[in-house]
Amino acid sequence: MLLPPAANAAQKKQQSTLALTYETKDSFILKSKILYPKVKKERYPLVIMLHSLGYSSGYWTDLPKLLNDKGYAVLLVDLRGHGQSLYDSNFRIHYWTKYSETQFAKYPQDVMEVINYVLYAYKNISNSEYVIIGADIGANAAILAAERLKTKPKGIVLISASLKFKGLYIPIACLLYTSPSPRDRSLS
């Protein structure tokens, strides 16, 4: 469930940065932001960036600006327990350092929910022209989320992915995501 941003006239105009607050099904509050390029387009291709364990969306330093300069909108997500995504809806704080594999297992679902929301709620974002970049736990969460998404990303960049990172086991998702469709297999 999205918590509505503060309504004001400036938000209705094209912005360079749009802050998002998303409440997950288990009442955790995820913070993210969309960075828009200066060049106006009817629909922007999107790059989704998922940071490493112990970091936040600021991890990517200058890369989002470089992508904006190339015409891409960028969605920077603070994973639960990181950056600005520290609270549940009852204002209890949750740090990733105290997480068990059960909490880390929620990352792919969180990522999937935020991506689905952004792709279908923001008409200026292309819901088919997007890629995901993830680093370590962000990489594992990216491939697990992508494998479940109805609209698949055009590409995924996995930086320092692990076979199993904090319980996020990816070999099967990698095979399912990249294997040819049954129709294609019958041609070989």
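Everything quoted here is computed from the prediction, not taken from an experiment.
- Considering only heavy atoms from C-beta on, Met49 comes within 4.5 Å of Leu67 through its side chain.
- Side-chain contact check for Tyr117 versus Leu30: every heavy-atom pair is 4.5 Å or farther apart.
- Taking the side-chain contact (heavy atoms from CB on, under 4.5 Å) definition, one finds that Tyr55 meets it with His51, Ser52, Tyr59, sequence neighbours left out.
- Between Asn90 and Ser27, every side-chain heavy-atom pair lies at or beyond the 4.5 Å cut-off.
- Counting non-hydrogen atoms of neighbouring residues, nucleotides and ligands closer than 6.0 angstrom, the NZ atom of Lys106 exceeds 12 such neighbours.
- Summarising the geometry, atom OG belonging to Ser32 is positioned 4.0 Å from atom CG belonging to Leu20; distances are rounded to the nearest 0.5 Å.
- Of all heavy-atom pairs between Ile159 and Ala139, the closest is O-CB, 3.8 Å.
- Not counting sequence neighbours, Trp60 has no partner by the ring pair (Phe, Tyr, Trp, His ring centres under 6.0 Å) test.
- A salt bridge (Lys or Arg N to Asp or Glu O under 4.0 Å) check over residues 71-82, counting only residues at least two apart or in different chains, returns the pairs Asp26-Arg80, Arg80-Asp110.
- The line from CG of Leu50 to CG of Asn140 is 11.0 Å long, rounded to the nearest 0.5 Å.
- For Lys31, the side-chain hydrogen bond (donor to acceptor under 3.5 Å, both in side chains) partners two or more places apart in sequence, or in a different chain, are Thr21.
- Nearest approach of Ser56 to Gly83, heavy atoms of both residues: CB-CA, 3.6 Å.
- Taking each heavy atom of Lys41 and Pro45 in turn, the nearest pair found is NZ-CD, 4.1 Å.
- Residues Ile115 and Ile132 are in side-chain contact: their nearest non-hydrogen atoms beyond the backbone lie under 4.5 Å apart.
- Pairing each heavy atom of Ser89 with each of Glu23, the nearest pair is CB-OE2, 3.6 Å.
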Leu53 vs His82, side chain to side chain contact (heavy atoms under 4.5 Å, CB included): CA-CA, chis, key distance, verdict: CA-CA 8 Å; Leu53 186 69; His82 293 79; 3.7 Å; yes

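- Side-chain atoms of Gln109 and Leu144, non-hydrogen and from C-beta on, never get closer than 4.5 Å to each other.
- Ile29 contributes atom CD1, which lies 7.0 Å from atom OG1 of Thr24 (distance to the nearest 0.5 angstrom).
- Checked against side-chain contact (heavy atoms from CB on, under 4.5 Å), Asp62 has no partners two or more places apart in sequence or in another chain.
- Ser100 pairs by the side-chain hydrogen bond (donor to acceptor under 3.5 Å, both in side chains) definition with Gln103, not counting sequence neighbours.
- For Ala73, the side-chain contact (heavy atoms from CB on, under 4.5 Å) test picks out Ile34, Tyr36, Pro37, Tyr44, Leu46, Ile125, with sequence neighbours left out.
- In the hydrophobic clustering, Leu86 connects to Tyr87, Ile93, Tyr95, either directly or through intervening members, whenever side-chain heavy atoms lie under 4.5 Å apart.
- Taking the side-chain contact (heavy atoms from CB on, under 4.5 Å) definition, one finds that Asn116 meets it with Met112, Tyr120, Leu149, sequence neighbours left out.
- Qualifying salt bridge (charged side-chain N to carboxylate O under 4.0 Å, His left out) partners for Lys70, counting only residues two or more places apart in sequence or in other chains: none.
- Residues satisfying the ring pair (Phe, Tyr, Trp, His ring centres under 6.0 Å) test with Phe104, not counting sequence neighbours, are Tyr99, Tyr107.
- Once rounded to the nearest 0.5 Å, the distance linking NE2 of His94 with CZ of Phe28 reads 5.5 Å.
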I would like to know whether Leu18 and Tyr122 meet side chain to side chain contact (heavy atoms under 4.5 Å, CB included); could you show each step before the answer? CA-CA 11 Å; Leu18 176 65; Tyr122 290 87; 3.2 Å; yes

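- Between Asn127 and Thr151, the closest side-chain pair of non-hydrogen atoms is not below 4.5 Å.
- Although no hydrogens or angles enter the test, the distance criterion places a donor-acceptor pair under 3.5 Å between the side chain of Lys152 and the main chain of Ala146.
- Rounding to the nearest 0.5 Å places CD1 of Ile133 at 11.5 Å from CG of Leu75.
- Counting heavy atoms from C-beta on, the side chains of Arg43 and Asn124 never come closer than 4.5 Å.
- Every pair passing salt bridge (Lys or Arg N to Asp or Glu O under 4.0 Å) that includes a residue from residues 81-96 is listed here, sequence neighbours excluded: Asp88-Arg92.
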